[in-house]
Number of protein chains: 4
Amino acid sequence: MPKIGQEPIRREALIQATIAEIGAAGSLSVTVGQIAKRAGMSSALAHHYFGGKDQMLHAGMRGLLRSFTAQVKTHVAQARTPRARIDAIINASFDNTCFEPQIISAWLNFYVLAQKDPEAQRLLRIYQRRLHSNLAAALTPISQQPHEHAEIIAAMIDGVYIRQALKEGALGGPQAAARVISTLDTLIGTDR
Amino acid sequence: MPKIGQEPIRREALIQATIAEIGAAGSLSVTVGQIAKRAGMSSALAHHYFGGKDQMLHAGMRGLLRSFTAQVKTHVAQARTPRARIDAIINASFDNTCFEPQIISAWLNFYVLAQKDPEAQRLLRIYQRRLHSNLAAALTPISQQPHEHAEIIAAMIDGVYIRQALKEGALGGPQAAARVISTLDTLIGTDR
Amino acid sequence: MPKIGQEPIRREALIQATIAEIGAAGSLSVTVGQIAKRAGMSSALAHHYFGGKDQMLHAGMRGLLRSFTAQVKTHVAQARTPRARIDAIINASFDNTCFEPQIISAWLNFYVLAQKDPEAQRLLRIYQRRLHSNLAAALTPISQQPHEHAEIIAAMIDGVYIRQALKEGALGGPQAAARVISTLDTLIGTDR
Amino acid sequence: MPKIGQEPIRREALIQATIAEIGAAGSLSVTVGQIAKRAGMSSALAHHYFGGKDQMLHAGMRGLLRSFTAQVKTHVAQARTPRARIDAIINASFDNTCFEPQIISAWLNFYVLAQKDPEAQRLLRIYQRRLHSNLAAALTPISQQPHEHAEIIAAMIDGVYIRQALKEGALGGPQAAARVISTLDTLIGTDR
DNA sequence: AATGAATGAGGATTCATTCAT
DNA sequence: GATGAATGAATCCTCATTCAT
């Protein structure tokens, strides 16, 4: 009886291992061997499935962005008002599944990768555009400068992330979200 | 008697070359040889003066942070009011000498370095603390939550930087500064 | 399924190549590349199997000492009296497989290695202790100072070796053995 | 006023530094820089005086052998009988100035050097010949096999040295000398 | 005389990648 | 499908040696 359907399992294991290994090492120079080992297979097999290290990195990025997206969807699903939708997006970004050291470190490394790797750049731009349009759409009913405010909130989210990467005066996810939300309140003139 | 006094010249050349090479390559994995070549010397001499690649990277970071600091000093020197001082700090951050692709890329890479390298982490924390205290000091007379607002502005600065690194809808330095300043206006309730 | 079971073959080839290369070069500063080439593989593979040059040197030492030990065992196996056992040990030391320029040179180099490398020192001490206890055990029935005499014989063996290393008035193995044995005769007062 | 007569002082300092550095490092791969530093000058000057590392090593060897020779002369000068002369030679070899770890280690390293370096080989052969002829001359009146016995004693001296290099059950110089002398007693049938 | 400056050559080590089984 | 085997290319680093002053 041949093992069937192994491929998707293997690929997924490699994707998670890529993120985890980069996050743990804090660097893109993790070796294919390390990743493959963490995923429980030989580096040769990793190459077999992905063709090379670059594609593994891309797959890792896609995996990470997929998680972000899923997180946002989950949070937003329960929002009933535009305002609740924005809060949901912000809260999703700082959900514990995203806002933990290894994930932050991986995310930061992917930004670096995007400096030289067009595909990585493309993926991050997609993420940024999606974040912007989500925020702007939700802001439209309640803000007079939805795009400007969307940019400010997006920048703050990224900024809080990068500051978190230094672990200095690090906030928990909820406090980080609260700070961004409170800034948003001020921006759109909400009284709370 | 030998040719003398080359050390400071060579060291400075290597520091600038380190920043430039990392900025251009978008990666910390530039080779010592590349850096040395850009600085116009052999890699052996680079090792002679710095002892190793790590120390060159640290020196590069210190050089970059020194530029930031100098930039801030220059801008702040002409400020006569607290408010002008804050604007000067923000404008300094987005001055063209700082806010250009290579510098941003280098800065991003140093954040990555800080994920695993204690000295790099220490240096960046110093920079963050200094930025915070500069901002908070200037905000004290004009804001009711100077520390909170300083954090928000600092996060925005970093966030705008990292978004600039993707070159998507990239702003010029002045516009970037304007956006941060306008957010600050809203935060402290200034009418302009 | 991959080609399998190469490891012991490669390791053994590297061990012999290490001894041979050090013997031929007369120096520990042979390169991993030279050793690997002699063993018919790339230096990368040598590192793969041994982890580093140091471990290759240690493996080479163990290989050499193993040969010595095996040689002694072979010779001693046929000895029926204590006296014959001692002669066998001495003869084993000067057997042609041990007492040839390359082996002597390797052995000398390993003594040098032991000056700074604790593992090398440990290995040579084991060899010395074993030689001493072999000699002393065999001497006990026929000498009144078995330990003292064992030391003298051991020193002579090493001394003849090191003098052989200069190839000046070099003896053949049998003559060298004869000289040591005749000294032993005098020491224990044997009439022959 | 030019410094005159500096050359012989510098050369001597380098010679002693060479021996000391090799002895301390337990290896011939000490760098010219280390040696020069110990001798209180730049490596460039060391090259200036000796032409290259090899010649510095040779000079170091000559220096060491010169010490040995001087030691022997001193001891022998007071000997009034052939027997006393032999004892003096042996005692000289184990005098504390010779029989200390660093010197032994240097001496061992020079033996290694002689494996590949003809000049080093030539120097050590001279030493051996001189030792042999000294011993044989003194033995002639009191031994029936002066050359054979000279060889045995010479081998023992070298053997005790090399065993000392492992620092296992290391003897002091006087005990080492006593062991060799007592062996000699047995060899030539002296009653003491 | 003396040395800081400078480098070319070389060595240990690592790693992505390929291949044979 | 899966992996041990194998390597070429690259990287950091060291060092003897030379040179200009």
Side-chain angles (χ1 to χ4, degrees), chain A residues 2-7 9-10 29-36 40-57, chain B residues 1-7 9-10 29-37 40-56, chain C residues 1-7 9-10 29-37 40-57, chain D residues 2-7 9-10 29-37 40-57:
Chain A
K3 289 194 232 171
I4 56 168
Q6 282 292 57
E7 172 153 357
I9 297 172
R10 298 286 203 186
S29 4
V30 294
T31 72
V32 174
Q34 285 164 3
I35 295 172
M41 70 197 78
S42 71
S43 69
L45 190 55
H47 271 90
H48 176 67
Y49 279 127
F50 281 98
K53 187 180 178 178
D54 284 355
Q55 284 129 300
M56 291 175 65
L57 295 181
Chain B
M1 260 163 278
K3 182 158 47 153
I4 213 173
Q6 291 295 89
E7 173 153 356
I9 299 171
R10 296 298 202 179
S29 358
V30 294
T31 72
V32 174
Q34 285 163 4
I35 295 172
K37 187 171 186 182
M41 71 196 81
S42 71
S43 69
L45 191 56
H47 273 95
H48 174 67
Y49 282 124
F50 278 100
K53 186 179 179 178
D54 284 356
Q55 282 135 296
M56 293 176 64
Chain C
M1 262 164 277
K3 184 158 44 152
I4 213 172
Q6 290 295 88
E7 172 153 356
I9 299 172
R10 296 296 202 180
S29 359
V30 293
T31 72
V32 174
Q34 286 164 1
I35 295 172
K37 187 172 187 181
M41 72 194 80
S42 72
S43 68
L45 192 56
H47 273 93
H48 175 68
Y49 281 125
F50 278 99
K53 186 179 178 179
D54 285 357
Q55 282 134 297
M56 292 176 65
L57 295 181
Chain D
K3 289 195 235 173
I4 57 169
Q6 282 293 53
E7 171 154 356
I9 297 173
R10 298 287 204 186
S29 2
V30 293
T31 73
V32 174
Q34 285 163 2
I35 294 172
K37 185 173 187 181
M41 70 195 80
S42 71
S43 69
L45 190 55
H47 272 89
H48 175 68
Y49 278 128
F50 282 99
K53 185 178 181 180
D54 285 357
Q55 284 129 301
M56 292 175 65
L57 295 181

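Numbered from 1 within each chain, the chains take letters A, B, ... in sequence-line order. No hydrogens, no waters, no symmetry mates; every other heavy atom, side chains included, goes into these values.
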- prompt: So, is Arg10(B) close to the dG4(E) phosphate, meaning a side-chain N or O under 4.0 Å from OP1 or OP2?
  reply: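 It does not, given that no N or O in the side chain of Arg10(B) lies less than 4.0 Å from OP1 or OP2 of dG4(E).
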Short side-chain N/O contact to dA2(E) OP1/OP2 from Tyr49(D), under 4.0 Å: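 For Tyr49(D), the contact criterion (side-chain N or O under 4.0 Å from OP1 or OP2 of dA2(E)) is met.
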What is the distance, to the nearest angstrom, from the [atom1] atom on [X] to the [atom2] atom on [N]?
X	N	atom1	atom2	answer
Met56(D)	dA16(F)	CE	C1'	11 Å
Asp54(B)	dT11(F)	CG	P	16 Å
Lys37(D)	dA16(F)	NZ	C1'	18 Å
Lys53(D)	dC15(F)	NZ	C1'	8 Å
Ile4(C)	dA5(F)	CD1	C1'	10 Å
Gln34(A)	dT14(E)	CD	P	12 Å

- request: Say whether, by atom type as modelled, one donor and one acceptor occur between the side chain of Lys37(B) and the main chain of Ser43(B) under 3.5 angstrom.
  value: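 Side chain of Lys37(B) to backbone of Ser43(B): no pair is present.
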task: May I ask you to decide if Val30(C)'s main-chain N or O and Lys53(C)'s side chain share a donor-acceptor pair within less than 3.5 Å?
output: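 At least one qualifying donor-acceptor pair exists.
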query: What pair of heavy atoms forms the shortest contact from Arg10(B) to Gly40(B), and how long is it?
result: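 Here Arg10(B) and Gly40(B) meet closest at NH1-O, 3.7 Å.
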- request: Could you check which residues of residues 40-48 of chain B get a heavy atom under 4.0 Å from DNA chain E? Sort them by number, please.
  value: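 Those residues are Met41(B), Ser42(B), Ala44(B), Leu45(B).
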Gln6(B) vs Tyr49(B) side-chain heavy atoms within contact, under 4.5 Å: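 Side-chain contact under 4.5 Å: yes.
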task: Let me have DNA chain F in dot-bracket notation, would you? Count Watson-Crick plus G-U wobble pairs, both distances under 3.5 Å, and use [ ] for pairs crossing earlier ones and | for inter-strand partners.
output: .||||||||||||||||||||
query: Closest nucleotide of DNA chain E for Gly33(C) versus for Gln6(B): which of these residues is on the 5' side?
result: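 It is Gln6(B) whose nearest nucleotide is closer to the 5' end.
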message: If you assign Gly5(B) and Val32(C) each to the DNA chain E nucleotide with the nearest heavy atom, which residue ends up on the more 5' nucleotide?
response: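 This one resolves to Gly5(B).
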field: Interatomic spacing from NE2 in His47(A) to CG in Leu45(A) - rounded to 0.5 Å
entry: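 Rounded to the nearest 0.5 Å, the NE2-CG separation comes to 11.0 Å.
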- prompt: Quick one: CZ on Phe50(B) to CD on Gln55(B), what's the gap to the nearest 0.5 Å?
  reply: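 Separation between the atoms: 9.0 Å.
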message: Categorize Phe50(B) for me: base, sugar-phosphate, or nothing, with a 4.0 angstrom heavy-atom threshold over every strand shown.
response: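 Answer is nothing: Phe50(B) stays at 4.0 Å or more from every strand.
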